[in-house]
Chemist: 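Right, I'll just put the structure down here and ask away after.
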Number of protein chains: 2
Amino acid sequence: MNQTIPAQNISAHSDQHCCNCNLHSLCMAVSLDMTELSKLDDIVDRSKPLSKGQTLSAQGDKFQSVYAIKTGSVKTYTTSCSGEEQITGFYFPGDLIGLNGIDTGICPDSIKILETTTVCQVQFEQLDMLSVELPKLRRQLLKTMSKEICNEQHMLQLLAKKNADERIATFLIRLSNRFKVRGFSESRFRLSMSRHEIGNYLGLTVETVSRVLTRLQKNGLITVENKEIEILDSKALLKLSNGKED
Amino acid sequence: MNQTIPAQNISAHSDQHCCNCNLHSLCMAVSLDMTELSKLDDIVDRSKPLSKGQTLSAQGDKFQSVYAIKTGSVKTYTTSCSGEEQITGFYFPGDLIGLNGIDTGICPDSIKILETTTVCQVQFEQLDMLSVELPKLRRQLLKTMSKEICNEQHMLQLLAKKNADERIATFLIRLSNRFKVRGFSESRFRLSMSRHEIGNYLGLTVETVSRVLTRLQKNGLITVENKEIEILDSKALLKLSNGKED
DNA sequence: CGAGTCCTTGAAAGGTCTCAAGTCACGTGG
DNA sequence: CCACGTGACTTGAGACCTTTCAAGGACTCG
């Protein structure tokens, strides 16, 4: 179950296409016209539903494909030589992941399914070739990587400067924004990751995550009911996420 | 002095070219042949020496160029809305920086000169166009960004999991490796950044940085003499950098 | 040579972790 | 369908590491 999924086992027979995918405004297909979309469509391999705990690709694997999340959510994480796991990101529908394997040709991190998830798989070599033909696609690839770098720089700031309350507040706000863009509720959502995973991602222990969530609830900023989060006072949460007063 | 340098003030008249630059095995020119090198050379603008404290480009500027460090060193940093500075990286000869502005078209961070430095400036649009023609250049751009993502993921792990001693040890090891690749001494080098900047980058206070360096010296792992560092026991330092025993 | 910044060192404070225990939710099997 | 077991989550108390505050010393640059 923790084995990487063989590529040939991933694909599902389906009549889904990029042109009728409601995510094309989020994923790499942004702003492509019908002709272009169909060329992209030709190299996309859509997965059957993958279930929680499955590993989409593992650290150390040969880099071959990138993945666009279609439904569900995944986490990426690196395992250090001492065996410690570090979650490097959570990804949702429309997100494109796996591009960080380009440099070495080896996947630098593992991708694990957090809940029932479907993905679109694209062989990187094919994508690269197509990008020569489609400037908008080429630009979109660069943009995706550029955005990933910026996201990680925000995380550096979070980890280097923020205390536990600010980290959790930032985490919730960012999730809220990402759900909003995807057309989900920005004020009420379900956490597909565990408290342990949140803590790992934010450089905190499970206990601290739990305490902070309880505290934020007591202060009336949010409601927590197991994995369901409701944001009651997004202004206060945002203010908290930005750190100490100035 | 803290003003961004106007583009027209950066260039120097020189007979330097990519083809006779001793960094071509490190920078974006990797593995280009003479014809290709000359095409790249046509769009490169070489700077006169820039001095410590100058800002090469500032957060919020329109994104137009990327820079390859030729000599010297720089830091990149973001300033949060509360005015706090977070250093996101230190860069040395052969490093290519600025690609993270692609996503939004706005520079997400500032670049500041740490010591007398010369850079090669390239308009991104020109680079992008040339990359269509030169697959190796296109691949190199993607590799550079991919590597940047991986580097930042290592930093996430450092900030989320490591204690002060491990952070400093990791920092010194990484510097050592980077200097080695560049043909400088891996065991003896000068820190072009201040203790304050090291601390900012590593999520520590100046005092802690100072204390750890003193401690590492007492334990015989390194010698510290102001900004000069000598690594005496790289094995022990590496072991320390990898964290708790397993 | 002097002013200012950078660096070092010490002592106390504070925040998060660790350890421990108990509660709760969920999936499995009877 | 319910009982049970396991893992996830919560809560508390003490320990530890880093920060904060403070002050002295060293280096650098005009």
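Being a predicted model, the structure only gives us computed values, none of them experimental. We name chains A, B, ... by the order of the sequence lines, and we start the count at 1 in each one.
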Chemist: Output the single nucleotide from dA25(C), dT18(D), dT8(C) whose closest atom is nearest the side chain of Asn226(A).
Modeler: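 It is dA25(C).
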Chemist: If you look at every strand shown and take non-hydrogen atoms under 4.0 Å, does Leu213(B) touch a base, only sugar-phosphate, or nothing?
Modeler: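 Nothing: the residue Leu213(B), judged by heavy atoms under 4.0 Å, touches no strand.
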Chemist: Against Lys161(B), only a single residue in Glu85(A), Glu84(A), Gln86(A) fulfils side chain to side chain donor-acceptor pair (under 3.5 Å); can you say which?
Modeler: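 Only match with Lys161(B) under side chain to side chain donor-acceptor pair (under 3.5 Å): Gln86(A).
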Chemist: With respect to the phosphate group of dT10(D), does any side-chain polar atom (N or O) of Arg211(A) fall under 4.0 Å of OP1 or OP2?
Modeler: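 The answer is no; no side-chain N or O of Arg211(A) sits under 4.0 Å from OP1 or OP2.
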Chemist: Measure the distance from CD on Glu228(A) to C1' on dA25(C) and round it to the nearest whole Å.
Modeler: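 Atom-to-atom, Glu228(A) to dA25(C), this comes out as 14 Å.
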Chemist: Could you tell me how far apart Glu225(B) (CD) and dT28(D) (C1') are, to the nearest whole angstrom?
Modeler: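 Nearest whole value for this atom pair: 16 Å.
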Chemist: Begin with the C-alpha distance, continue with both residues' side-chain angles, and end with the deciding distance and a verdict on side-chain hydrogen bond (donor to acceptor under 3.5 Å, both in side chains) for Gln54(B) and Lys112(B).
Modeler: CA-CA 6 Å; Gln54(B) 282 190 287; Lys112(B) 202 168 239 181; over 6 Å; no
Chemist: Taking the side chain from Glu228(B) and the backbone from Glu225(B), do they hold a donor-acceptor pair closer than 3.5 Å?
Modeler: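 Between the backbone of Glu225(B) and the side chain of Glu228(B) there is no qualifying donor-acceptor contact (under 3.5 Å).
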Chemist: According to a strict under-4.0 Å criterion, is Ser194(A) in side-chain N/O contact with OP1 or OP2 of dA8(D)?
Modeler: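 Answer is no, no contact under 4.0 Å.
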Chemist: When you match Val224(B) and Arg215(A) each to their closest nucleotide on DNA chain C, which lands nearer the 5' end?
Modeler: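 Its nearest nucleotide lies further toward 5', so the answer is Val224(B).
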Chemist: With a non-hydrogen cut-off below 4.0 angstrom, is Gly199(B) in contact with a base, only sugar-phosphate, or nothing?
Modeler: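 Counting heavy atoms under 4.0 Å across all strands, no contact is made by Gly199(B).
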Chemist: Rounded to whole Å, please give me the gap between NE2 in His196(B) and P in dC27(D).
Modeler: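 Rounded to whole Å, this separation is 21 Å.
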Chemist: Between dC6(C) atom P and Leu114(B) atom CG, what is the distance in whole Å?
Modeler: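 Between P of dC6(C) and CG of Leu114(B): 13 Å.
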Chemist: Could you tell me the separation between the CG atom of Leu159(A) and the P atom of dT16(C), rounded to a whole number of Å?
Modeler: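 Atom CG in Leu159(A) sits about 13 Å away from atom P in dT16(C).
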Chemist: Between Lys227(B) and dT28(D), is there a side-chain N or O to OP1/OP2 distance below 4.0 Å?
Modeler: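 So the side-chain polar atoms of Lys227(B) never come under 4.0 Å of the phosphate oxygens OP1 or OP2 of dT28(D).
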Chemist: Between atom CG in Leu191(B) and atom P in dC27(D), what is the gap in whole Å?
Modeler: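 These atoms are roughly 16 Å apart.
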Chemist: Nearest whole angstrom, please: distance from the C1' of dG15(C) to the CG of Asn163(B).
Modeler: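 Atom CG in Asn163(B) sits about 16 Å away from atom C1' in dG15(C).
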Chemist: Hey, what's the ring geometry for Phe179(B) with Phe189(B), parallel, tilted or perpendicular (30° and 60° as the breaks)?
Modeler: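 If you compare the ring of Phe179(B) with that of Phe189(B), the planes turn out tilted.
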Chemist: Assuming nearest nucleotide by heavy-atom distance, tell me which of Ser210(B) and Glu207(A) is located more 5' along DNA chain C.
Modeler: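 The residue closer to the strand's 5' end, by nearest nucleotide, is Ser210(B).
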Chemist: Within the structure, does a side-chain N or O atom of Thr205(B) lie under 4.0 Å from either OP1 or OP2 of dT20(D)?
Modeler: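 Thr205(B) to dT20(D) OP1/OP2: no side-chain N or O under 4.0 Å.
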Chemist: Under the criterion side chain to side chain donor-acceptor pair (under 3.5 Å), which of Gln157(A), His154(A), Lys162(A) is the partner of Thr170(A)?
Modeler: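 It is Lys162(A), the one option of Gln157(A), His154(A), Lys162(A) that forms the side chain to side chain donor-acceptor pair (under 3.5 Å) with Thr170(A).
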Chemist: Starting from C1' on dT28(D), measure out to CZ on Arg190(B) and report it in whole angstrom.
Modeler: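 So the two atoms are 12 Å apart, to the nearest Å.
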